[in-house]
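One structure is given below, encoded as structure tokens.
These numbers were taken from a predicted model, which means no experiment stands behind them.
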Amino acid sequence: DPAFHKGFAHLAPLGLSFESWLYFTQLDELLGLAVAFPKTVIVVNHLGGPIGVGPYAENRTEHLAVWKDRMRALSRHPNVFVKAGGLGMPHFGLGFERSQKPKSEQLAPVWRPYIETCIELFGVERCMFESNFPPDGKTCDYGVLWNTLKRISADYSEDEKDALFRKTAASVYRLTDL
């Protein structure tokens with residue numbers, strides 16, 4: 001929409017970023033913004049919204065391949081960053097929404113492919129871990145979420161962990177005191 005683009009054009013000159021919460025089916029539209037506005041920082045929330053429920057529960061491998069291809073296309077643009085998290089929301093279709101909440105040992109192997117895909121594509125310099133509470137609370141407790149992310153990143157270097165847990169977010173959001 002031209003009116004949206006006109007407003008979007010004001011973000012970079014004002015030093016503002018754009019937070020995007022969408023589903024993977026909309027990533028091509030976001031790619032269009034990344035191409036049209038290469039000086040505007042764009043943050044893709046919740047891993048770019050892969051869906052695993054409804055019609056996306058079937059042919060899951062096929063849908064994840066499309067998600068990965070679209071994320072790969074976005075990763076080619078240095079103004080695009082990813083928040084790695086939000087996997088506790090039911091739309092991912094990971095099946096942990098029940099009364100007995102899982103431990104981090106159970107979540108880490110299920111969340112790892114999503115998170116590591118984004119880290120491989122964007123690098124730790126453009127990925128940041130996130131909690132998405134309270135929505136993630138449908139799957140796990142707050143501490144379990146962070147312990148899951150610690151398990152997933154256990155084999156990363158201290159510098160890589162620092163980027164994922166702190167440095168990338170501090171840079172993107174210009175938080176100089178962190």
Practice problem: Name all pairs fulfilling the side-chain hydrogen bond (donor to acceptor under 3.5 Å, both in side chains) condition that reach into residues 49-66, sequence neighbours left out, sorted by first residue then second. | Solution: Arg60-Tyr114
Exercise. Locate the shortest heavy-atom distance separating Pro109 from Pro113; write the atom from each residue and the value.
Key: O-CD, 3.3 Å
Quiz item: Minimum heavy-atom separation for Pro50 to Trp67, with atom names?
Solution: CD-NE1, 3.6 Å
Exercise. Working to the nearest 0.5 Å, report the span between CG of Asn45 and CE of Met128.
Key: 8.5 Å
Quiz item: Can you find a heavy atom in the side chain of Leu64 that is under 4.5 Å from one in the side chain of Phe24?
Solution: no
Quiz item: Do any N or O atoms from the side chain of Arg174 and from the backbone of Gly15 form a donor-acceptor pair under 3.5 angstrom?
Solution: yes
Quiz prompt | Smallest separation among heavy atoms of Ala34 and Val80, with atom names | solution = CB-CG2, 3.7 Å
Quiz prompt | Parallel, tilted or perpendicular, as decided by the 30° and 60° cut-offs, for the rings of Phe165 and Trp146 | solution = tilted
Quiz prompt | Test item: Arg70 side-chain N/O and Leu27 main-chain N/O as donor-acceptor pair under 3.5 Å | solution = no
Practice problem: Over all heavy atoms of both residues, which pair between Gln106 and Val110 is shortest? Give the atoms and the distance, please. | Solution: O-CG2, 3.7 Å
Practice problem: Compare all side-chain heavy atoms of Leu107 with those of Cys140 and state whether any distance is below 4.5 angstrom. | Solution: yes
Quiz prompt | Shortest non-hydrogen contact between Pro38 and Asn79, atoms and distance | solution = O-CB, 3.3 Å
Self-check item: Leu164 side, atom CG; Arg126 side, atom CZ - distance, nearest 0.5 Å
Solution: 13.0 Å
Self-check item: Side-chain heavy-atom pair Phe37, His5 within 4.5 angstrom cut-off
Solution: yes
Quiz item: Hey, is the main chain of Gly86 close enough, under 3.5 Å, to the side chain of Asn132 for a donor-acceptor pair?
Solution: no
Self-check item: Ring centre gap for Phe8 and Phe18 strictly below 6.0 Å
Solution: yes
Quiz item: Donor-acceptor pair, Ser153 side chain versus Tyr156 backbone, under 3.5 Å?
Solution: no
Practice problem: Could you check if a side-chain atom of Asn147 sits within less than 4.5 angstrom of a side-chain atom of Lys103, using non-hydrogen atoms only? | Solution: no
Self-check item: side chain to side chain contact (heavy atoms under 4.5 Å, CB included) partners for Arg151, two or more places apart
Solution: Ser104, Glu105, Ala108
Quiz item: Are Met71 and Val172 joined in one hydrophobic group, where the rule is that I, L, V, M, F, W and Y side chains link up if heavy atoms are under 4.5 Å apart?
Solution: no
Quiz item: From Ser20 OG over to Phe81 CZ, what is the distance, rounded to the nearest 0.5 angstrom?
Solution: 14.5 Å
Practice problem: Applying side chain to side chain contact (heavy atoms under 4.5 Å, CB included), name anything that partners Ala12, two or more places apart in sequence or on another chain. | Solution: Lys39, Thr40
Quiz item: Can you tell me if NZ on Lys101 sees more than 12 non-hydrogen neighbours from other groups inside 6.0 Å?
Solution: yes
Quiz prompt | Leu31 with Leu11, same ILVMFWY side-chain cluster at under 4.5 Å | solution = yes
Quiz item: Which of these passes side-chain hydrogen bond (donor to acceptor under 3.5 Å, both in side chains) with Lys83: His46, Glu130, Glu19?
Solution: Glu19
Quiz item: Got a second to check how far Asp69's CG is from Leu74's CG, nearest 0.5 Å?
Solution: 11.5 Å
Practice problem: Would you give the length of the straight line joining atom OG1 of Thr117 to atom NZ of Lys68, rounded to the nearest 0.5 angstrom? | Solution: 4.5 Å
Practice problem: Kindly say whether Ala3 contributes a backbone atom to a donor-acceptor pair with the side chain of Asp1 at under 3.5 angstrom? | Solution: yes
Quiz item: CG/Leu87 to OG1/Thr148 distance, rounded to the nearest 0.5 angstrom?
Solution: 9.5 Å
Practice problem: Scan Val44, Ile119, Leu47 and name whichever one has a side-chain contact (heavy atoms from CB on, under 4.5 Å) with Cys127. | Solution: Ile119
Quiz prompt | Transitive ILVMFWY side-chain link Val124 to Ile42, under 4.5 Å | solution = yes
Quiz item: With ring centroids as reference points, do Tyr23 and His91 lie under 6.0 angstrom apart?
Solution: yes
Self-check item: Same apolar cluster (I L V M F W Y, side chains within < 4.5 Å links), Trp111/Val144
Solution: yes
Quiz item: Considering all heavy atoms of both residues, which atom of Phe92 and which atom of Gly85 are nearest to each other, and what is their separation?
Solution: CZ-O, 4.4 Å
Quiz item: In terms of hydrophobic clustering (I, L, V, M, F, W, Y; side-chain heavy atoms under 4.5 Å; direct or indirect links), are Phe4 and Leu14 co-clustered?
Solution: yes
